[in-house]
Participant: 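The structure that follows is given in the form of structure tokens.
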Protein chains: 2
Amino acid sequence: MEVLPKELIQKKFPDLEDQLLDELLSQSTLREVEEGEEVMRSGQYIKSTILLLSGLLKVYREDDEGNEFLMYYLEPGSACALSMMCTARTEKSEIMAKAVKDSEVILVPSELSEMWLGKFKSWHNFVIASYRQRFEELLQTLDSIAFKGLDERLVFYLKRHVKVSGKQVKLSHQQIADELNSSREVISRLLKKLEQTGAITLHRNYIEVHDLSLGV
Amino acid sequence: MEVLPKELIQKKFPDLEDQLLDELLSQSTLREVEEGEEVMRSGQYIKSTILLLSGLLKVYREDDEGNEFLMYYLEPGSACALSMMCTARTEKSEIMAKAVKDSEVILVPSELSEMWLGKFKSWHNFVIASYRQRFEELLQTLDSIAFKGLDERLVFYLKRHVKVSGKQVKLSHQQIADELNSSREVISRLLKKLEQTGAITLHRNYIEVHDLSLGV
DNA sequence: GCATTACAGTGACTCATGTCACAGAGAAGG
DNA sequence: CCTTCTCTGTGACATGAGTCACTGTAATGC
């Protein structure tokens, strides 16, 4: 357990009121997670709200057979709505959060979070806003799965990735396939096509994105 | 505009505090919608929160080409979280709510709803609970699309339908196909298979559900 | 009662994805 | 330098789902 730098939190979460920050500082814990490490799993341990201070998390679904798909990324300054959401986790699949980069997260015990809802207007707004944003993102994901072919989903996926991590996409085809719940060979082929349109350039273990609008 | 029967609302929304009900009664409007009528469309008109008093609504997504798929059903006593959620509706697709049966909805202007969040603890809880529940249901839908084949999705769909409307499913194959974003012929075949397992019996314009667990 | 319409069933075909089986090319480690 | 592993590329094939064309059959309307 470390000292939380108030200024940093304030910078990342500018909408939270001062008094709340003080409580946050005194009552929550900071945790550093390494790239690849699992941050949470729905319904595991004591539920706490997770605030992301630095780094990058991905939130994804995993079913009983090990299939997974990406729900969305979480960037610093945002909260993992799940921890508040998932009262009853659904039958067979779980929601997982994993660090994509080394990250720092703040863990807020649920009772506290619950209490703050009534006590601090800014916390309340923050939570509501989080719900909204996640809901929207989830809808987008849903859309892309329901209506689009894998080719478009791949472009959508790359766009999101570029947005959070820049144009050097350091992923193997296998990893991408996993997150789209597809298979490597198929992704390889689609990526090849994208390369032919000039949208991207393929390298070993990373992809250079030029202009994804060419890939449609 | 009619008089809202307080007792009825109280019965359907037992968790809302008394004082809130009074404000609700005096400041919101009751609207009756007929089966098949559109209740809302994301981003249309003034946004208001919708409380369902009686009947049944379905909430679904529709993309620019007229494809649609069902998100979830709303039963009396629940709120349409969307109206609060969808600040920025996403590019090309819209969320729609349509009455499956004749229904009565209460329209709460957004400013009011917003204000109540701070003023009434019970409203606040109600809203949070709604968010949670919708989120969960959306996740379930997402799951079924992402991981399951159309056969399982059909079973999942029928189950939901039975839950809200009973074992006499009065739908044509075409309607089902639409809500699953599939095509009639395919649904016909799958239904046929289900009939062969004894899970259902097919009739013209309606399906009799016996035991969907046979259909897996 | 006859014509029309909506719904349901079926076979043939296409297309997108997924799977299997390999092969080559870099990386990594000794 | 040689071995081994991981990542990538590709062809052949299987499967699920969508589409087309057509038939039959119950409901509806005049």
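Here is the naming used below: chain letters follow the sequence lines, and residue numbers restart at 1 for every chain. These figures come from a predicted structure and were not determined experimentally.
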Participant: Can you measure B:His203 atom NE2 to C:dA6 atom P for me and round it to whole angstrom units?
Facilitator: 23 Å
Participant: Provide, to the nearest angstrom, the distance between the CG atom belonging to A:Leu190 and the P atom belonging to C:dA16.
Facilitator: 11 Å
Participant: Under a 4.0 Å threshold between the charged nitrogen and the carboxylate oxygen, would A:Lys163 count as salt-bridged to A:Glu75?
Facilitator: no
Participant: Within this structure, what is the CZ-to-P distance between A:Arg153 and C:dA16, rounded to whole angstrom?
Facilitator: 15 Å
Participant: Which whole-number value in Å describes the distance from A:Arg184 CZ to C:dA21 P?
Facilitator: 14 Å
Participant: Among all residues two or more places apart in sequence or in another chain, which pass the salt bridge (charged side-chain N to carboxylate O under 4.0 Å, His left out) test with A:Lys192?
Facilitator: A:Glu195
Participant: Quick one: B:Lys192 NZ to C:dG11 P, roughly how many Å, whole number?
Facilitator: 12 Å
Participant: What contact category does A:Ser183 fall into here, base, sugar-phosphate, or nothing, at under 4.0 angstrom with non-hydrogen atoms?
Facilitator: base
Participant: Using chain A heavy atoms and a threshold of under 4.0 Å, write down where along DNA chain D the contacts begin and end, 5' to 3'.
Facilitator: D:dT6 to D:dA12
Participant: Just report the end-to-end axis angle for the helix from C:dG1-D:dC30 to C:dG30-D:dC1, five pairs per end, to 10 degrees.
Facilitator: 30°
Participant: Tell me whether the side-chain N/O atoms of B:His173 come closer than 4.0 Å to OP1 or OP2 in C:dA6.
Facilitator: no
Participant: Should the ring pair B:Phe69 and A:Phe147 be called parallel, tilted or perpendicular, given that the plane angle runs from 0 to 90° and is split at 30 and 60?
Facilitator: tilted
Participant: Starting from P on C:dG9, measure out to CG on B:Leu191 and report it in whole angstrom.
Facilitator: 8 Å
Participant: Between A:Arg153 (side chain only) and A:Leu180 (backbone N and O only), is there a donor and an acceptor less than 3.5 Å apart?
Facilitator: yes
Participant: Identify the residue among B:Glu208, B:Gln168, B:Lys170 that makes a side chain to side chain donor-acceptor pair (under 3.5 Å) with B:His203.
Facilitator: B:Glu208
Participant: Would you please classify the geometry between the A:Phe135 ring and the B:Phe135 ring as parallel, tilted or perpendicular, with 30° and 60° separating the classes?
Facilitator: tilted
Participant: Rounded to whole Å, how long is the line connecting atom OH of A:Tyr206 with atom P of C:dA27?
Facilitator: 11 Å
Participant: So is A:Arg160 actually on top of A:Tyr72's ring, under 6.0 Å and inside 45° of the axis?
Facilitator: no
Participant: Distance to the ring centre below 6.0 angstrom and angle to the axis at most 45 degrees; does that hold for A:Lys148 and A:Phe156?
Facilitator: yes
Participant: If I take atom CG in residue B:Asn205 and atom P in nucleotide C:dC7, what distance separates them, rounded to the nearest angstrom?
Facilitator: 6 Å
Participant: Can you tell whether the side chains of B:Lys193 and B:Asp151 come within less than 4.0 Å, N to carboxylate O?
Facilitator: no
Participant: Of all the nucleotides listed (C:dT17, C:dA8, C:dG11), which has the minimum atom distance to the side chain of A:Leu150?
Facilitator: C:dT17
